[in-house]
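Here's the structure, in structure tokens; my notes come after.
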Protein chains: 2
Amino acid sequence: MEISIDLNGSDPVFAQLIGQIKAAVQSGALGPGDPLPSIRQLANDLELNSKTVAKAYRLLERDSVVETRGYRGTFVHPEAKSNSEVDLNAWVNQTLTATIAEFRKSGVTDAEIRNAFVNVMNEPNN
Amino acid sequence: MEISIDLNGSDPVFAQLIGQIKAAVQSGALGPGDPLPSIRQLANDLELNSKTVAKAYRLLERDSVVETRGYRGTFVHPEAKSNSEVDLNAWVNQTLTATIAEFRKSGVTDAEIRNAFVNVMNEPNN
DNA sequence: ATATGTACCATCTTGTCTCATGGTACACAG
DNA sequence: CTGTGTACCATGAGACAAGATGGTACATAT
């Protein structure tokens with residue numbers, strides 16, 4: 001499992017980590033149950049902050065590509081391969097595109113859309 | 001038609017202008033066909049930049065509260081009263097609230113939602 | 001002791017958007 | 001020549017968030 005990080009790239013580091021691990025899963029380089037390097041270990045190898053690696057692992061676990069077993073470490077999820085193909089962000093992107101297109105078609109200003117957006121995001125609701 | 005602007009308020013100036021003109025329409029102080037002060041005139045009276053007043057007028061016309069007749073000036077729209085009750089922003093707010101709630105329910109991070117949002121807003125599509 | 005993931009505190013830089021400002025210019029009509 | 005709305009150029013201040021960093025601490029189990 002070789003991971004290379006481009007600090008000068010436009011993609012954030014944590015996203016590069018996610019992308020490369022997902023790619024390794026899909027190519028078969030990483031199989032179900034395979035152990036991943038520990039957060040601190042990987043951070044040390046790549047000379048990154050442990051919080052950055054932790055962030056990538058946290059998101060990978062939310063997508064069920066990775067499984068964390070407490071103090072025992074992090075492992076590839078049994079259904080990692082199929083789960084790594086699901087793109088939550090693509091769905092969010094499509095939905096937002098359609099919604100915003102409708103707003104604009106109705107004459108709503110981009111500034112108004114952005115304004116409403118931050119209002120909704122910052123509301124104490126759920 | 002008396003308009004007072006609070007520079008220290010949290011609401012932006014152009015929004016205060018819109019609000020007060022809509023209020024004047026709903027109270028009957030301004031009736032259909034009544035002329036509004038010209039952009040430069042009002043800007044001068046309130047010691048504002050003409051672009052700020054122009055912004056307010058532009059949005060009022062989009063909402064059909066006001067009618068611009070080219071070089072002749074700006075006038076209250078025939079159906080200004082009913083149109084000034086329609087709240088475009090409320091619709092945007094409700095729609096976004098529902099959409100975002102669904103995202104969150106699916107485990108999407110706020111940071112991811114925000115990221116997707118700015119991507120969609122900045123896309124060169126229409 | 002050592003190592004696991006995780007949680008909280010915090011700072012800093014970078015980037016982007018809003019709001020409001022200013023200047024200049026145009027076509028139009030009185 | 002003056003006044004209408006409108007359109008471009010541009011800039012500055014302020015707010016906000018992402019990304020990444022650092023330190024400290026915890027319960028867990030070997």
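A, B, ... follow the sequence lines: proteins, then strands. Residue 1 opens every chain.
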Can you tell me how far P of dC19(C) sits from CG of D6(B), to the nearest Å? 16 Å

Tell me if a side-chain donor or acceptor on D11(A) pairs with a main-chain N or O of Q16(A) at a distance below 3.5 Å. no

dG19(D), OP1 or OP2 - any side-chain N/O from K55(A) closer than 4.0 Å? yes

Closest to side chain of T74(A), choosing from dG5(C), dT21(D), dG5(D): dG5(C)

Whether W91(B) and F103(A) hold their rings parallel, tilted or perpendicular, with breakpoints at 30° and 60°: perpendicular

Taking only side-chain nitrogens and oxygens of N122(A), does any of them come within less than 4.0 Å of OP1 or OP2 of dC16(D)? no

Whole-Å distance between dG5(D) P and E67(B) CD? 13 Å

Please report the distance, rounded to the nearest Å, between CG in L36(A) and P in dT4(C). 13 Å

Short side-chain N/O contact from N49(B) to OP1 or OP2 of dA20(C), under 4.0 Å: no

Checking E67(B) against R69(B) for the salt bridge (charged side-chain N to carboxylate O under 4.0 Å, His left out) test, could you report, in this order, the C-alpha distance in whole Å, the side-chain angles of both residues, the deciding distance, and whether it holds? CA-CA 6 Å; E67(B) 217 177 15; R69(B) 302 192 196 145; 3.8 Å; yes

How many whole angstroms separate atom CZ of R58(A) from atom C1' of dT4(C)? 16 Å

Take the protein atom CZ of R40(B) and the nucleotide atom P of dG5(D), then report the distance between them rounded to whole Å. 7 Å

Value for CD (E47(B)) from CG (L7(B)), rounded to nearest 0.5 Å, stands at 9.0 Å

Under-4.0 Å salt bridge between R62(A) and E112(B): yes

Working for side chain to side chain contact (heavy atoms under 4.5 Å, CB included), residues F14(A) and V53(A): CA-CA 6 Å; F14(A) 82 95; V53(A) 180; over 6 Å; no

What's V13(A) touching, base or sugar-phosphate or nothing? Going by heavy atoms closer than 4.0 Å. sugar-phosphate

Earlier contact from the 5' end, DNA chain C, for D11(B) and V118(B): V118(B)

Taking any heavy-atom pair under 4.0 Å as a contact, classify E61(B): base, sugar-phosphate, or nothing. sugar-phosphate

Which nucleotide in the set dT4(C), dA20(C), dG5(D) lies at the smallest distance from any side-chain heavy atom of S38(A)? dT4(C)

What's the CZ-P distance between R72(A) and dT6(C), to the nearest Å? 13 Å

Is the phosphate of dT30(D), meaning OP1 or OP2, less than 4.0 Å from a side-chain N or O of Y71(A)? yes

Q41(B) CD - dG5(D) P separation (whole Å): 10 Å

Contact class for S50(A) vs. all strands (heavy atom < 4.0 Å): base, sugar-phosphate, or nothing? nothing

Please report the distance, rounded to the nearest Å, between CG in L7(A) and C1' in dG19(D). 12 Å

Does T68(A) place a side-chain N or O at less than 4.0 Å from the phosphate oxygens OP1/OP2 of dT4(C)? no

Nearest-nucleotide 5' precedence on DNA chain C, Y57(A) against R114(A): Y57(A)

Pick the nucleotide of DNA chain D nearest each of I39(B) and T52(A); which residue has the one closer to the 5' end? I39(B)

